[in-house]
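Here's the structure we're looking at; comments come further down.
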Amino acid sequence: MDFIKTNTKNHLSKDEDFDPPPPPWGDIRDVTHKTRVDIGFKDEQAWKQAPAIFDEHTLKIFGHPVMEDWETPYMKELAKIATSKGGIILELGYGMGISASFIQNADIQKHIIVEANHEVAEKAREFAKSAKYPVEVLEGLWEEVIDQVPDESVDGILFDTYPLSELEIHKNHFGFFRTAFKKLKSGGIFTYYSDEINTYHPVHLQKLIDAGFKKENINGEVIPMNPPPDCQYWKADTMLAPIVIK
Ligand SMILES: C[S@@+](CC[C@H](N)C(=O)[O-])C[C@H]1O[C@@H](n2cnc3c(N)ncnc32)[C@H](O)[C@@H]1O
C-alpha cells in the first residue's frame, strides 16, 4: 500500500505520542461547535425529507454546511484508504458524491452507499446509473438501514456523515465504531472524517479500542487542509485520515 510509505505517521507507535497530550476538545473546535449550535438542530427524522441545497461548491441542509468541495483532497485520501483492499466498499454519507467518485476510480467489486436525506439519495441513485462498479443505495439513517449489510461482509468503510444533533458535533463518528467493527471482514479497513487535527484524542482512541480494534492496528495519515476563512466547521490546516484495520 504505497500511501503507507508517503506522508504516513504512526501516531501510536510510541507512548511519547501522547506526551504532551493532543489538544483537548476545545481550542478551535469551540468556534466550530458554536457555529452549528447557532444554526440549530431539528429532529433527526426531519433531515430525511429536508431540501438539499446544492450549489457549485457546497451542500447545505437546514442551513448547515454539510459539505464543501475544498475538502476534495481529504476525500481523495479517505477513498484511497477505504479502497486499498479492493472488494466491497461501504460508504456512509453521499453528500456531493466527491468521495464516491474517488471510490469508483479504484479497483473494487461493489459500492454500497448509505444516505439519510431523500434528495441526496436521489443523486446517489443517479450516480449509480453510470458508475463503473455496481452501486447499491440504502436510503435512511445508517442506524435504521445498516442491518441490511451482513456482518463481516465488507472490505473497506468510508464514514462521513454529519452531526444531526448538538451532542454529535465533532464526534458523530464515535457512535459508528462498533458497527464498523461488526461489518468489516477480518483484515478490512476503516476510515472516516476524523475531526482530529493530527492525532487521536485519547477519548477517541479509547472508543476505537472499546469497539474491538487493536491499538497496534490504529494508525493514520496527516492530510493538509485548506479551508476558506469563513468555513463554519473546520479551521485547522491539517486533518487526520484514520487507517484502522480489523
Ligand atoms: C459530509 S456529507 C458527505 C460528503 C461526501 N463524503 C462527499 O465526498 O461528498 C454527509 C452526508 O451524510 C448524510 N447523513 C447525515 N447523517 C446521516 C446518517 N445518520 N445516516 C446516513 N446519512 C447521513 C447527509 O445527508 C450528507 O449527505
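On a predicted model such as this, the values are computed, not experimentally measured, just so you know. When a ligand or atom number is given, it counts from 1 through the structure's own listing order.
Figure legend: Lys123 and Phe54 shown as a cation-pi pair, the cationic atom lying under 6.0 angstrom from the six-membered ring centre and within 45 degrees of its axis.
The aromatic ring centroids of Phe190 and Phe159 lie 6.0 Å or more from each other. Aromatic pair Phe174/His204: ring centres closer than 6.0 Å.
Heavy atoms of other residues, nucleotides or ligands lying less than 6.0 angstrom from NZ of Lys48 number more than 12.
Within the listing of ligand 1, atoms 27 (O) sit less than 4.0 angstrom from a heavy atom of Val120. Residue contact check: Asn117 has heavy atoms under 4.0 Å from atoms 25 (O) of ligand 1. Listed by number with element, the atoms of ligand 1 under 4.0 Å from a non-hydrogen atom of Leu164 are 16 (N). Close approach of ligand 1 to Met67 (heavy-atom distance below 4.0 Å) involves ligand atoms 1 (C), 4 (C), 7 (C), 8 (O), 9 (O).
At a 3.5 angstrom cut-off on N or O pairs, Gly95 counts as close to ligand 1. In terms of N/O distances under 3.5 Å, ligand 1 is not approached by Ala100.
In terms of protein heavy-atom proximity, atom 15 (C) of ligand 1 is closest to Tyr162 N, 3.5 Å. Atom 8 (O) of ligand 1 has Ser99 N, 2.8 Å as its closest protein atom, hydrogens excluded (heavy atom only). Of the protein's non-hydrogen atoms, Ala116 CB, 3.6 Å is the one closest to atom 23 (C) of ligand 1. From the protein, the heavy atom lying nearest to atom 20 (N) of ligand 1 is Trp142 N, 2.9 Å. Residue, atom and distance of the protein heavy atom nearest to atom 1 (C) of ligand 1 are Val66 O, 3.0 Å. Protein heavy atom at the shortest distance from atom 4 (C) of ligand 1 is Asp160 OD2, 3.2 Å. Of the protein's non-hydrogen atoms, the one nearest atom 24 (C) of ligand 1 is Glu115 OE2, 3.4 Å. Summary of contacts: the protein heavy atom closest to atom 9 (O) of ligand 1 is Met96 N, 2.9 Å.
Counting heavy atoms under 4.0 Å from ligand 1, residue Trp47 touches it through the side chain alone. Residue contacts with ligand 1, taken as heavy atom pairs separated by less than 4.0 Å, involve Met75 solely via side-chain atoms from C-beta onward. Residue-level proximity to ligand 1 for Thr161 is carried by backbone and side chain together, each with a heavy atom below 4.0 angstrom. Only the side chain of Glu143 comes within 4.0 Å of ligand 1, counting heavy atoms alone; its backbone N, CA, C and O stay farther away.
Judged by distance alone, with hydrogens and angles left aside, the side-chain atoms of Glu196 form no donor-acceptor pair with the main-chain N or O of Asn198 at under 3.5 Å. With hydrogens and angles ignored, the 3.5 Å screen pairs a side-chain donor or acceptor of Thr238 with a backbone N or O of Ile197. Panel note: side chain Glu221, backbone Ala241; no donor-acceptor pair is recorded below 3.5 Å.
Checking each of Lys85, Lys185, Gln109 against Asp155 for a side-chain hydrogen bond (donor to acceptor under 3.5 Å, both in side chains) leaves exactly one that passes, namely Lys185. For the side chain to side chain contact (heavy atoms under 4.5 Å, CB included) test with Trp234, the passing option among Glu71, Met239, Glu68 is Met239; the others fail.
Using cut-offs of 30° and 60° for the angle between ring planes, the Trp70 and Tyr233 rings count as parallel. Using the six-membered ring where Trp is involved, Tyr192 and Phe177 have ring planes that are tilted, between 30° and 60° apart.
Residues Trp47 and Ala116 approach most closely at CD1-CB, 4.1 Å, considering heavy atoms.
Between Gly140 and ligand 1 there is a heavy-atom distance shorter than 4.0 Å. Heavy atoms of Glu144 stay at 4.0 angstrom or farther from ligand 1. Heavy atoms of Leu92 come nearer than 4.0 angstrom to ligand 1 in no pair at all.
Taking all heavy atoms of Tyr192, Tyr233, Tyr94 into account, the minimum distance to atom 7 (C) of ligand 1 is reached by Tyr94. In this structure, of Ala52, Gly93, Gly97, the residue bringing a heavy atom nearest to atom 11 (C) of ligand 1 is Gly93.
Between Glu152 and Lys183, no side-chain nitrogen of the basic residue sits less than 4.0 Å from a carboxylate oxygen of the acidic one, so the salt-bridge criterion is not met.
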